[in-house]
Q: 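Could you have a look at this structure, given as structure tokens, before my questions?
What you see is a predicted model; the values in this text were computed from it and never measured.
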Amino acid sequence: MGNLNASVDLRRDGEIAVVTVDNPPVNALKHEVRAGLAEALRQTRADAAIKAVVIGCAGRTFFAGADITEFGKPPQAPGLAEVIAAIEAMPKPVVAALRGTALGGGFELALACHFRVAIAGARVGLPEVKLGLLPGAGGTQRLPRLIGPEKALKMIVTGDPIEAREALADGVIDEIVDGDLTEGAIAFARRVVSEKRPLRLVRDREDKLVAEGFADAAETLTRRLRGREAPAACVEAVRNAIVLPFDEGLKREGELFRQLVAGDQSKAQRHISFAEREAAKVPGIPEDTKPRPIATGAVIGAGTMGGGIAMCFANAGIPVTIVETGRDLLQKGLDRVAANYRATMARGGLAADEMDRRMALIRGVTELDAVGTADFVIEAVFEEMDLKKRVFADLDRMAKTGAVLATNTSTLDVDAIARATKRPQDVLGTHFFSPANVMRLLEIVRGAATAPDALATAVALGRRLSKVPVTVGVCYGFVGNRMLARRSVEAERLLLEGALPQEVDAAVTEFGFPMGPFAMADMAGLDVGWRIRKGRGGRNEIEDALCEAGHFGQKTGKGYFRYEVGSRTPLPDPEVERTIRDTSARLGVARRVITQEEILERMVYPMVNEGARILEEGIATRPGDIDVIWVYGYGWPVWRGGPMYYADRLGLVHIRDRLTLYAERSADESLRPATRLSQLAAQGRGFAS
Ligand code: T1G
Ligand code: NAD
């Protein structure tokens, strides 16, 4: 009894043994925890006075899974499988007491217990697929036995947790306890003992293992997960639960897990998982900096972005005021918000009462002074500097003291906007991505005068809005758009030199992006850039020729591709091909056959090169920040870890040499390898090493 080691404590409450694990911050199942649990089970099994065992955790959560930092290191016994086998071999009831997020190996351990109780609000899930893995401690065999293969597969392939009430309804947990969790679990264990309830292991249950509907569910769940290894492995493992005896299914699960954990995809996804957390740590913000309280928000402009941003606040339960210039535009903006919610409802992603609750949190007005009570104000008006400066000068007069004033500009100088106020320390950028209520990335732009607590407030708000906040410095296009601009230049050059839009997009989508640069341009509208170029000068020979011929993209049914009425599927357009060939001829460019490999290199390496410059300038703090920006904001395939991670895997010497070749061939000095890239290549190092 007492402390079995630094992480595991064992005590008695009468005939009930209580095992408490304390391994902050998330009670990851590191070696010491496993060893302590194994010892607790050994002792409680041997002690005849002990009639039942409760396993629980101190702190904010039950085990949040295996310790990811132990992956790739030599395994230390006991493994999680041994601890789980010891639980299943116990001749007396074992009750898991769940709070917070019981995830991965933590939930698998709970599934091996005879009973599970939880407090309201607890969540259980198997998120391994988000790390390029599958549950590796029996989750793919036990969960289907508890809730059926179809529902289990959904939880395992999406990796999304379910809340205690749903888990109770599904029979995953046996009781939601009121009041103190441990006391409730002990009382539950005592009832089990006094009622002599049979000890039924999940592994022995077969009644729910029906094949019907499984194949369709698998097809639906994996349809959009092209290129990923883990989802397919999840499907195979859960199918095995239906067709194989438990131990054979478990054995095969272990084989699949070992394959994936050693594979490149999982390593890349684990990189992104940690980089995402690192990105929230902003240098220069002292750890004890307190974010300002955010009870209400305000958004200026109810256009494409303003409406989506207001939805983010409402989705997080934060009342928000949205300001437009006039009633009609305001109503148009609010109607678009309502239509978005109805679309989610139609897909079964939102209940009607929840939609009403969220809409009720969004107040539309046409007077700017209505923002006077807001704690956080986000401006999303037209991308015009003078207009934004006017809006910020007005906000300076009307917003309350201490409010954070943010701009959603995608390119403009945040410092110049801040100087339009007398409180530049409260001004920063919050660059959302379209559609703002969907895209998870939030580029937080730190101005020269931005105060640390204003920054900390924006990061905290970003997480509250379920975004992935990454803090960047001020420059044209910040990190994502600045790198994207390099790709766009190369994309046009490839068309002039011999490629066609469908070839470039094929190379990029086969690499894993959901969409290629030209289909993306058609979706955003070619006329937006064309009007800006006409206003500010600058040419895009092919795109300008297409716009002059009315090819504005999806909105006119033709852009770089043509679109059948009512369809968003890009189809090759002979007229575009003719325009491209004519433009090459007019500019005297001899067209040649360009391989997919070269196309991909020229779609990626110039961006990596710009990423190196961004790191040199300190616009981004870590290469991992750039990777997170591209994965969550631009559709970079997560299983390739992001552009800087990908470059390190390929080797910077190769990238340096290819960039040099492309710079010489195109006479474009911006393609010359960046200083940092050349230095690291010469030292045989990578961006992250
Ligand atoms: N292992 C090691 N460290 C972890 C960890 C884990 N599983 N989970 C979190 N951390 C660290 C994290 O890096 C951060 O560290 C700190 O804890 C707080 O995290 C056999 C093999 C639990 C919902 O995938 O989803 O089990 O930055 O900032 O926002 O089948 O963490 O402070 O130094 O995210 O409150 C499956 C991953 C593992 C869960 C809490 N489990 N974690 O979120 O805090 S694979 C997961 C989360 C597995 C088995 C397989 C979240 C959270 P630092 P945080 P949070
Ligand atoms: P939009 O044209 O769809 O909406 C702008 C809205 O602002 C319009 O409804 C307009 O009536 C309103 N407005 C103009 N002046 C106003 C004022 N003084 N007070 C209140 N409302 C006013 O534009 P958008 O696409 O939503 O872009 C808004 C901002 O977000 C721009 O800075 C843009 O660069 C940036 N942004 C856009 C995207 C995108 O993909 N559209 C992505 C990220 C950032």
Q: Where do Ile242 and Leu209 come nearest, in terms of heavy atoms and distance?
A: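 Smallest heavy-atom distance, with atoms named: CG2-O, 4.2 Å.
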
Q: Is there side-chain contact between Asp375 and Arg292, with at least one heavy-atom pair below 4.5 Å?
A: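 Asp375 does not reach Arg292 side chain to side chain.
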
Q: Looking at every non-hydrogen atom in both residues, tell me the closest pair between Pro643 and Ile626 and how far apart they are.
A: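 Here Pro643 and Ile626 meet closest at CG-CG2, 4.2 Å.
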
Q: Less than 3.5 Å apart, any donor N or O on the side chain of Tyr341 or Asn315 sitting next to an acceptor on the other?
A: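 Side-chain D/A pair, Tyr341 to Asn315: present.
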
Q: Dump the intermediate steps for side chain to side chain contact (heavy atoms under 4.5 Å, CB included) on Glu253 and Asn240, then the final yes or no.
A: CA-CA 9 Å; Glu253 176 200 86; Asn240 288 341; over 6 Å; no

Q: For Glu212, I'd like to know if atom CD has over 12 heavy atoms of other residues, nucleotides or ligands within 6.0 Å.
A: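 Check fails, neighbour count at 12 or below.
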
Q: Keeping Asn27 on the side-chain end and Ala58 on the backbone end, is there a donor-acceptor pair under 3.5 Å?
A: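 Yes; at least one donor-acceptor contact below 3.5 Å.
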
Q: Is the closest side-chain donor-acceptor distance between Gln259 and Glu255 under 3.5 Å?
A: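 Side chains of Gln259 and Glu255: no pair found under 3.5 Å.
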
Q: Hey, what do you get for OG1 (Thr140) to CG (Leu256), rounding to the nearest 0.5 Å?
A: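 The distance works out to 8.0 Å.
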
Q: Considering only heavy atoms from C-beta outward, does the side chain of Lys30 approach that of Ser7 to under 4.5 Å?
A: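 Counting from C-beta outward, Lys30 and Ser7 do come under 4.5 Å.
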
Q: Between Arg622 and Ala275 (side chain of the first, backbone of the second, donor and acceptor by atom type, cut-off under 3.5 Å), is there such a pair?
A: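 Checked: no pair found.
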
Q: With a sphere of 6.0 Å drawn around CG of Asp178, does it hold more than 12 non-hydrogen atoms of other residues, nucleotides or ligands?
A: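 No, not enclosed.
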
Q: Before accepting this row, confirm whether a basic side-chain N of the pair Glu236/Arg239 lies closer than 4.0 Å to the acidic partner's carboxylate O.
A: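 No, no charged N to carboxylate O under 4.0 Å.
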
Q: How long is the span from the CD atom in Glu88 to the CG atom in Leu41, to the nearest 0.5 Å?
A: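 Here the rounded value is 11.5 Å.
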
Q: Report the distance from atom CD of Glu443 to atom CG of Asp625, rounding to the nearest 0.5 Å.
A: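 Separation between the atoms: 10.5 Å.
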
Q: Could you tell me if the side chain of Lys467 sits less than 4.5 Å from the side chain of Cys312, heavy atoms only?
A: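 A side-chain contact exists here, since the closest heavy-atom pair is under 4.5 Å.
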
Q: Between Lys92 and Thr44, what is the shortest heavy-atom contact and its length?
A: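 Looking at all heavy atoms of both residues, the closest pair is NZ-O, 2.8 Å.
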
Q: Measure from the side-chain N and O atoms of Asn5 to the backbone N and O of Glu32, and report whether any donor-acceptor pair falls under 3.5 Å.
A: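 Flag set: sc Asn5 to bb Glu32 pair under 3.5 Å.
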
Q: Checking Phe433 against Tyr634 for the side chain to side chain contact (heavy atoms under 4.5 Å, CB included) test, could you report, in this order, the C-alpha distance in whole Å, the side-chain angles of both residues, the deciding distance, and whether it holds?
A: CA-CA 9 Å; Phe433 289 74; Tyr634 297 83; 3.0 Å; yes

Q: Going through the checks in order, is the side chain to side chain contact (heavy atoms under 4.5 Å, CB included) test met by Phe214 and Val238?
A: CA-CA 9 Å; Phe214 180 80; Val238 176; 3.5 Å; yes

Q: Check Arg145 with Asp204, please: is the shortest side-chain N to carboxylate O separation under 4.0 Å?
A: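 No salt bridge links Asp204 with Arg145.
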
Q: Do the side chains of Leu80 and Leu109 get nearer than 4.5 Å, heavy atoms only?
A: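 Yes, their side chains come closer than 4.5 Å.
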
Q: Counting only heavy atoms not in Arg270 (residues, nucleotides, ligands), do more than 12 fall under 6.0 Å from its CZ?
A: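 For Arg270, atom CZ is crowded (more than 12 foreign heavy atoms under 6.0 Å).
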
Q: Using a 3.5 Å distance criterion without hydrogens, assess whether the side chain of Ser266 forms a donor-acceptor pair with backbone atoms of Gly263.
A: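 Judged by distance alone, no pair lies under 3.5 Å.
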
Q: Flag the pair Arg440 / Val468 as yes when at least one side-chain heavy-atom distance between them is below 4.5 Å, and no otherwise.
A: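 Yes - at least one pair of side-chain heavy atoms lies under 4.5 Å apart.
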
Q: Does a side-chain N-to-carboxylate-O contact under 4.0 Å join Glu163 and Arg165?
A: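 Salt bridge flag = no for Arg165 with Glu163.
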
Q: Could you tell me whether a side-chain N or O of Thr158 sits under 3.5 Å from a main-chain N or O of Asp160, the two making a donor and an acceptor?
A: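 At least one qualifying donor-acceptor pair exists.
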
Q: So which atom in Leu98 and which in Leu181 form the shortest heavy-atom distance, rounded to 0.1 Å?
A: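 Here Leu98 and Leu181 meet closest at O-CD2, 3.6 Å.
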
Q: For Arg358 and Glu354, run salt bridge (Lys or Arg N to Asp or Glu O under 4.0 Å): C-alpha distance rounded to whole Å, both residues' side-chain angles, the deciding distance at 0.1 Å, then the answer.
A: CA-CA 6 Å; Arg358 295 181 189 192; Glu354 180 56 22; 2.6 Å; yes

Q: Under 4.0 Å between a side-chain nitrogen and a carboxylate oxygen: does that hold for Asp264 and Arg649?
A: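 Arg649 and Asp264: not salt-bridged.
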
Q: Given the ring of Phe62, does Arg116 sit roughly above its face, with NZ or CZ under 6.0 Å from the centre of the six-membered ring and within 45° of the axis?
A: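 The answer is no; the distance or angle limit is not met.
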
Q: Could you walk me through whether Val26 and Arg60 satisfy the side chain to side chain contact (heavy atoms under 4.5 Å, CB included) test, starting with their C-alpha distance in whole Å, then the side-chain angles of each, then the deciding distance to 0.1 Å, before giving a yes or no?
A: CA-CA 7 Å; Val26 295; Arg60 60 185 161 130; 3.9 Å; yes

Q: Measuring from atom CE of Met90 to atom CG of Leu199, what distance do you get when rounded to the nearest 0.5 angstrom?
A: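 Spacing of CE (Met90) from CG (Leu199) equals 10.0 Å.
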
Q: Report the C-alpha distance between Glu278 and Lys281 in whole Å, list the side-chain angles of each, state the deciding distance to 0.1 Å, and finish with yes or no for salt bridge (Lys or Arg N to Asp or Glu O under 4.0 Å).
A: CA-CA 5 Å; Glu278 285 301 299; Lys281 299 169 186 161; 2.9 Å; yes

Q: So does Ile16 get a backbone contact from the side chain of Lys51, meaning a donor-acceptor N/O pair under 3.5 Å?
A: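 No.
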
Q: Under a 4.0 Å N-O cut-off, is there an ion pair linking Glu276 with Lys130?
A: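 Looking at Glu276 and Lys130, the cut-off is not met.
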
Q: Could you check if a side-chain atom of Asp9 sits within less than 4.5 angstrom of a side-chain atom of Asp22, using non-hydrogen atoms only?
A: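 Asp9 does not reach Asp22 side chain to side chain.
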
Q: Are any side-chain N or O atoms of Lys208 and backbone N or O atoms of Leu146, one a donor and one an acceptor, separated by less than 3.5 Å?
A: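 Yes; at least one donor-acceptor contact below 3.5 Å.
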
Q: Got more than 12 heavy atoms from elsewhere within 6.0 Å of NZ, Lys154?
A: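 Open: at most 12 neighbouring heavy atoms sit under 6.0 Å from NZ of Lys154.
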
Q: So which atom in Ile84 and which in Arg142 form the shortest heavy-atom distance, rounded to 0.1 Å?
A: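 Shortest heavy-atom contact: CG2-NH2, 3.5 Å.
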
Q: Please name the pair of heavy atoms, one in Arg123 and one in Pro161, separated by the smallest distance, quoted to 0.1 Å.
A: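 Closest approach of Arg123 to Pro161: NH1-CG, 3.7 Å.
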
Q: Please check: side-chain N/O of His31 versus main-chain N/O of Ala77, any donor-acceptor pairing under 3.5 Å?
A: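 Pair found, side chain donor or acceptor close to backbone of Ala77.
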
Q: Would you say Phe63 and Val21 make side-chain contact, with heavy atoms under 4.5 Å?
A: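 Heavy-atom side-chain distance check passes, below 4.5 Å.
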
Q: Looking at Arg190 and Glu15, is any side-chain nitrogen of the basic one under 4.0 Å from a carboxylate oxygen of the acidic one?
A: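 Yes, Glu15 and Arg190 are salt-bridged.
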
Q: Quick check for you: to the nearest 0.5 Å, what is the distance between Glu128 atom CD and Leu260 atom CG?
A: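 Here the rounded value is 11.0 Å.
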
Q: Does the side chain of Lys267 come within less than 4.5 Å of Tyr645's, by heavy atoms?
A: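 Contact flag for Tyr645/Lys267 side chains = yes.
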
Q: Strictly distance-based, threshold 3.5 Å: is any side-chain N or O of Gln141 a donor or acceptor partner for the main-chain N or O of Gly138?
A: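 Answer holds: no.
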
Q: Just how far is it from atom CD1 of Ile309 to atom CG of Leu465, taken to the nearest 0.5 Å?
A: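 The CG atom of Leu465 is 9.5 Å from CD1 of Ile309, to the nearest 0.5 Å.
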
Q: Using only atom types and a distance under 3.5 Å, with no angle test, would you say the side chain of Lys290 pairs donor to acceptor with the backbone of Ala456?
A: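 Absent.
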
